[in-house]
Amino acid sequence: MKTIIEPFRIKSVEPIRFNTAEQRAVLLRKAHYNPFYLHSDDVMIDLLTDSGTSAMSSDQWAGIMHGDESYAGSPSFFRFEKTIRDITGMPFIIPTHQGRAAEKILFSIMGGEGKYVLSNTLFDTTRGNIEFSGAVGIDLVCEEGKHPTVAAPFKGNMDTAALIKEIERVGAGNVSVVVMTVTNNSGGGQPVSMHNIREVSSICKANGIPFFIDACRFAENSYFIKKREAGYESKSVEEIAQEMFSYADGCTISAKKDAFANIGGFLAVHNEELAAKCRNLLIITEGFPTYGGLAGRDLEAIAIGLREVLEEDYLQYRIRSMEYLTEKLVAAGVPVMLPAGGHAVYLDAKQFMDHIPVNQYPGQVLACELYVQGGIRACEIGSLMFGKYDIDGKLIPAQLELVRLAIPRRVYTQSHIDYVAEVIIEVFANRHAQKGMRIIEEPPMMRHFTVKMEKIG
Ligand code: F0G
């Protein structure tokens, strides 16, 4: 088979500023060993997130000029609404400034003290909004999803037996919503099968519980279904996405991922009464219902991006890019999550830094070293992000210690990715020289964004 090439040409470029390992070591110390504090022009390859970092197409930029900025009834909104209705089959479309704003609105209505939200794995802002409302979020990812280096086709699936048990334990009336994250970002960007979505949906129906999809990466998930699930080989990605959404009562989406937009999100629902409640909150927090938290130009860019992301040449290239990097790392013996995820490659930091205990944050140590050695910015998804303390102040570690290399869409070329592999392999070879880290300052919630750390010893 020939190389799968990028299905686009480059029309506009941004310079990357090179710096040295010595300069980066100083910059990182000034950033308190937290890559979120780095200035992005000091980063050479920025894999912190695939969110809002996509390269927009020339059509999307043209859409930006077409955007109609009317306060009410903008044609840009109606194009946005029609596109989302076509894909999701949901009649009520509520634009927000990003995914977490949609979550905030949804869980302000559906969360609250005494309520439970069950999921395969909640993303951190989703969990944050649930907990902020007073509700409890519970992750029920399938067994395969808990073992980073064991390959399986749908490691994002929800454990349906555990779901039934949990509904019985807390009482169906107390489960305000079940949320399926596709692909399962915090669980390694792993897909969820249509079979699992259908099953979870029917368990929810039988118990009278609304079923929502956190659909930020719906197109990547749909493509995995096409490639991996029997019966979907000859369906179009759009048809698969439509079927996925057909099982849900609603969805929240960040348009900063699969919609290739730099900002934006939305909430889509079937229930008119719920939509009315959401719109009331939207008006006081985001904006009038035909723009929500967005400019007309953003609505255009999102509507166009949602169409482009369903193109199979693009998805083939996209998913292949993750496999390509994964294969290079596996060949060098680097412990990496298998199989490759949809939007990111996840290093298994527990195995990578096997000499550093979890309470010294091996994932953060690894993320920091990737920056010093190669100017690569990655993100810890482990005990720094998800760790909690017990009553004695002892760390309750996360299930997995991962470092995520999220690949922005349509931004980096194959030689950038070759360079990333070379740096990781070099850091792996010298890993035992690394020491653990401790926290010197942290906020009460979502600490990984603003935590300050230091090296031990
Ligand atoms: N849900 C999932 C699965 C996400 O990955 C994100 C964002 C959100 C919701 C929230 O969307 O950022 O538009 O408010 N994920 C980014 C990331 C930040 O880096 O994975 P948002």
Side-chain angles (χ1 to χ4, degrees), residues 19 21-40 42-43 46-49 121 123-125 127-128 131 139 146 148 186-188 334-337 344 346-406 423-424 426-457:
N19 45 19
E22 291 70 33
Q23 289 168 331
R24 291 190 293 264
V26 174
L27 291 164
L28 187 67
R29 198 174 331 117
K30 283 192 188 146
H32 311 285
Y33 298 96
N34 180 353
F36 279 98
Y37 282 120
L38 291 168
H39 292 200
S40 62
D42 293 327
V43 175
D46 203 346
L47 308 183
L48 189 63
T49 179
T121 312
F123 181 67
D124 53 354
T125 60
R127 175 174 288 282
E131 290 176 356
D139 294 342
K146 296 175 190 162
S186 308
V334 177
V336 52
M337 182 135 198
Y346 294 70
L347 304 176
D348 182 354
K350 219 186 265 180
Q351 281 190 51
F352 195 118
M353 295 285 176
D354 56 6
H355 61 296
I356 298 179
V358 290
N359 63 359
Q360 294 180 15
Y361 304 101
Q364 190 73 355
V365 173
L366 174 53
C368 285
E369 197 52 21
L370 294 177
Y371 177 68
V372 173
Q373 289 309 316
I376 298 165
R377 180 156 66 168
C379 181
E380 192 260 14
I381 301 200
S383 292
L384 189 63
M385 187 182 274
F386 291 121
K388 300 234 149 105
Y389 295 112
D390 67 13
I391 42 171
D392 302 320
K394 199 168 149 245
L395 178 76
I396 307 167
Q399 213 152 47
L400 302 174
E401 301 296 332
L402 303 174
V403 168
R404 184 182 75 168
L405 306 156
V423 172
I424 295 169
E426 191 182 310
V427 170
F428 186 60
N430 302 318
R431 66 193 182 280
H432 288 136
Q434 294 308 314
K435 298 225 164 66
M437 285 184 183
R438 72 165 76 90
I439 292 174
I440 51 174
E441 202 182 304
E442 64 182 301
M445 252 184 136
M446 314 208 83
R447 63 179 183 180
H448 58 288
F449 289 125
T450 54
V451 70
K452 294 182 179 171
M453 310 201 60
E454 68 182 8
K455 284 194 176 173
I456 294 173

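With sequence neighbours left out, the salt bridge (Lys or Arg N to Asp or Glu O under 4.0 Å) criterion links Glu426 to no other residue. Checked against side-chain hydrogen bond (donor to acceptor under 3.5 Å, both in side chains), Asn19 has the following partners two or more places apart in sequence or in another chain: Arg24. Legend: residues meeting ring pair (Phe, Tyr, Trp, His ring centres under 6.0 Å) with Phe352, ordered by chain and number and at least two apart, are Phe428. Applying the side-chain hydrogen bond (donor to acceptor under 3.5 Å, both in side chains) test to Glu401 and every residue at least two apart in sequence or in another chain returns Ser383. Scanning for side-chain hydrogen bond (donor to acceptor under 3.5 Å, both in side chains) contacts around Glu442 gives Tyr389, Arg447, with sequence neighbours left out.
At least one donor-acceptor pair under 3.5 Å links the side chain of Gln364 to the backbone N or O of Tyr33. Put simply, the side chain of Asn34 gets close to the backbone of Val451: a donor and an acceptor are under 3.5 Å apart. When atom types are taken as modelled, the side chain of His448 and the backbone of Phe386 share no donor-acceptor pair closer than 3.5 angstrom. Of the possible donor and acceptor atoms, one in the side chain of Asp390 sits under 3.5 Å from a partner among the backbone N and O of Asp392.
Between Met385 and Cys379 there is a side-chain heavy-atom pair separated by less than 4.5 Å. Using a 4.5 Å heavy-atom threshold, the side chains of Leu366 and Arg431 count as separate. Using a 4.5 Å heavy-atom threshold, the side chains of Ile424 and Leu405 count as touching. In this structure, the side chains of Met437 and Cys368 come closer than 4.5 Å at one or more pairs of heavy atoms. Looking only at side-chain heavy atoms (C-beta outward), Leu384 and Met453 come within less than 4.5 Å of each other. Using a 4.5 Å cut-off on side-chain heavy atoms (C-beta onward), Val43 and Leu48 make no contact.
Identified under the salt bridge (Lys or Arg N to Asp or Glu O under 4.0 Å) test for residues 372-386, with sequence neighbours left out: Asp46-Arg377.
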Checklist line | Step-by-step side chain to side chain donor-acceptor pair (under 3.5 Å) determination, Asp354 to His432 | finding: CA-CA 9 Å; Asp354 56 6; His432 288 136; 3.2 Å; yes

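Evaluated for a salt bridge (Lys or Arg N to Asp or Glu O under 4.0 Å) with Glu454, the options Lys435, Arg29, Arg438 yield exactly one hit, Arg438.
The two residues Leu38 and Ala31 have their closest heavy-atom pair at CD2-CB, 3.9 Å.
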